[in-house]
Amino acid sequence: MSAANLLDFDLEGLAVFCEQLGEKRFRATQLFRWIHQKGATRFDQMSDLAKSLRGKLQGVASIEALKVISEHVSSDGTIKWLFDVGDGNAIESVFIPEDDRATLCISSQAGCAVGCRFCSTGHQGFSRNLSTGEIIAQLWFAEHLLRQRFGRTDRIISNVVMMGMGEPLQNYAALVPALRIMLDDHGYGLSRRRVTVSTSGVVPMIERLQKDCPVALAVSLHAPNDGLRDELVPLNRKYPIDELLQACSEYLTAAPRDFITFEYCMLDGVNDTDVHARQLIDLVRGRISCKINLIPFNPFPQSGLHRSGMDRVQAFGRLLQDAGIVTTVRKTRGDDIDAACGQLAGEVQDRTQAHKRMTRQPISVPVVVETTARPRPSSSN
Ligand code: SAH
Ligand code: SF4
């Protein structure tokens, strides 16, 4: 029997595991803190853990880090890591430091099955779901590596966004324990508003997430009507905009001070006209407490799409703002290292010859340039 990877367990799961070893549940808390708060990799480092337990753990359990393929550091401080997850698959995480926060962008799957037209991961296809351990290992690795590197003992990463490769809500079973580890005071202690799940709109799972682990929600909208969204985000044919917005409104019922972030990738001549802006206003105004994040498109040849000019993005944003909708424009970070994902993953696959897939191109990492007040429900009157 192979050893259990303890990164796969949230605190409750670890307690059950300890009980199976004939240990008291509180031992799990100690173990959990050693792993996530202190970054221990070996049981003999865990000095306050009974020797007998350490002995038991040897052989039946391990703490499995991901294999790092490469690290790229941008002149703006952004760091991108590429991890090997086996069978020629690679995933990426991006660390984005800012003045008042430090965000880690995490992957949830190797590839993605949704197949959005403007997304290089979507064009690459789906390989497999990541395990809870593989999702949390990205945070575990980055947090402890950076503490060591910067000579710090306090927390470095203040925010996590599930905006790397993959559709997190199509890997729900592995996602939720990973989120719980992020939020747990004995784990990373992040507040639920500082952990964001970004989804292309898997409606039933939005409903479940609200009950299981209501973290901040970002929804990749990208189009203000079903005809266009069907083309850009194929999942829309299954869960059209109206159902999606309904699920978003319900998501907020338990936490009325929260808001949904709608991501809107600006595609030249496709979804970026004044008409689209007005449709978008009609869609959300008075209906849902939200913020709209306009994302400059990062083009790649297979998409056949182009980035909207900055003037157009600004004009589009102004229409939304004038209608009372809080709007931000995402700034790209780490441009000199293609920090926003993708290119290297493709190169690795070519090198390993495991899969002959299209080389992915960089996409932008999520950084909001304008700071804005907390959005209030926008009203039409
Ligand atoms: N699957 C999830 C999360 C990962 S994608 C989702 O779709 O929300 C993270 C964000 O990057 C999404 O908003 C997505 O629309 C955006 N994105 C994907 N490809 C892009 C590109 N080429 N340029 C700019 N943003 C892109
Ligand atoms: Fe998948 Fe998100 Fe890319 Fe769409 S945008 S293909 S859902 S990763």
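Start at 1 and go down the list; that is how both ligands and their atoms are numbered.
If you check which protein heavy atom lies closest to atom 3 (Fe) of ligand 2, you get Cys119 SG, 2.3 Å. Closest protein heavy atom to atom 2 (Fe) of ligand 2: Gly166 O, 4.5 Å. Summary of contacts: the protein heavy atom closest to atom 1 (Fe) of ligand 2 is Cys112 SG, 2.3 Å. With hydrogens left out, the protein atom closest to atom 4 (Fe) of ligand 2 is Cys116 SG, 2.4 Å, a heavy atom.
Interface of Ser220 with ligand 1, defined as ligand atoms under 4.0 Å from a residue heavy atom, comprises 6 (C), 7 (O), 8 (O), 12 (C), 13 (O), 15 (O). Close approach of ligand 1 to Gly166 is summarised as follows: ligand atoms under 4.0 Å from at least one heavy atom of the residue are 1 (N), 2 (C), 3 (C), 4 (C). Atoms of ligand 1 lying under 4.0 Å from at least one heavy atom of Pro296, given by number and element, are 24 (C). Distances below 4.0 Å separate heavy atoms of Ser200 from the following atoms of ligand 2: 7 (S). Less than 4.0 angstrom separates some heavy atom of Met162 from each of these atoms of ligand 1: 3 (C). With ligand atoms numbered from 1 in the order given, ligand 1 contributes 4 (C) to contacts under 4.0 Å with heavy atoms of Gly164. Of all atoms in ligand 2, numbered sequentially from 1 with element shown, those under 4.0 Å from a heavy atom of Gly122 are 6 (S). For ligand 1, the atoms lying closer than 4.0 Å to a non-hydrogen atom of Cys119 are 18 (C), 19 (N). Close approach of ligand 2 to Gly115 (heavy-atom distance below 4.0 Å) involves ligand atoms 6 (S). Close approach of ligand 1 to Thr199 (heavy-atom distance below 4.0 Å) involves ligand atoms 6 (C), 8 (O).
The shortest side-chain heavy-atom distance between Val275 and Gln279 falls under the 4.5 Å cut-off. In this structure, the side chains of Leu228 and His276 come closer than 4.5 Å at one or more pairs of heavy atoms. Between Leu305 and Phe297, some side-chain heavy-atom pair lies under the 4.5 Å cut-off. Phe262 is listed as a side-chain neighbour of Cys248, based on a closest heavy-atom distance under 4.5 Å. For the pair Phe118 and Val270, the minimum side-chain heavy-atom distance is 4.5 Å or more. Between Trp34 and Phe43, every side-chain heavy-atom pair lies at or beyond the 4.5 Å cut-off.
A salt bridge does not link Lys291 to Glu263: none of the charged nitrogens lies less than 4.0 Å from a carboxylate oxygen.
You'll find the ring centres of Phe83 and Phe141 inside the 6.0 Å limit.
The shortest N/O to N/O separation between Ser120 and ligand 1 does not fall below 3.5 Å.
Heavy atoms of His222 come nearer than 4.0 angstrom to ligand 1 in at least one pair. Look at Cys116 and you'll find every heavy atom at least 4.0 Å from all atoms of ligand 1.
Enclosure of atom CG in Asp154 by more than 12 non-hydrogen atoms of other residues, nucleotides or ligands within 6.0 angstrom is indicated.
Within the 4.0 Å heavy-atom criterion, the part of Glu263 lying near ligand 1 is the side chain and not the backbone. When non-hydrogen atoms are compared, ligand 1 lies under 4.0 Å from the side chain of Cys265 (C-beta onward) but not from its backbone. At a 4.0 Å heavy-atom cut-off, ligand 1 does not touch Ser303 at all.
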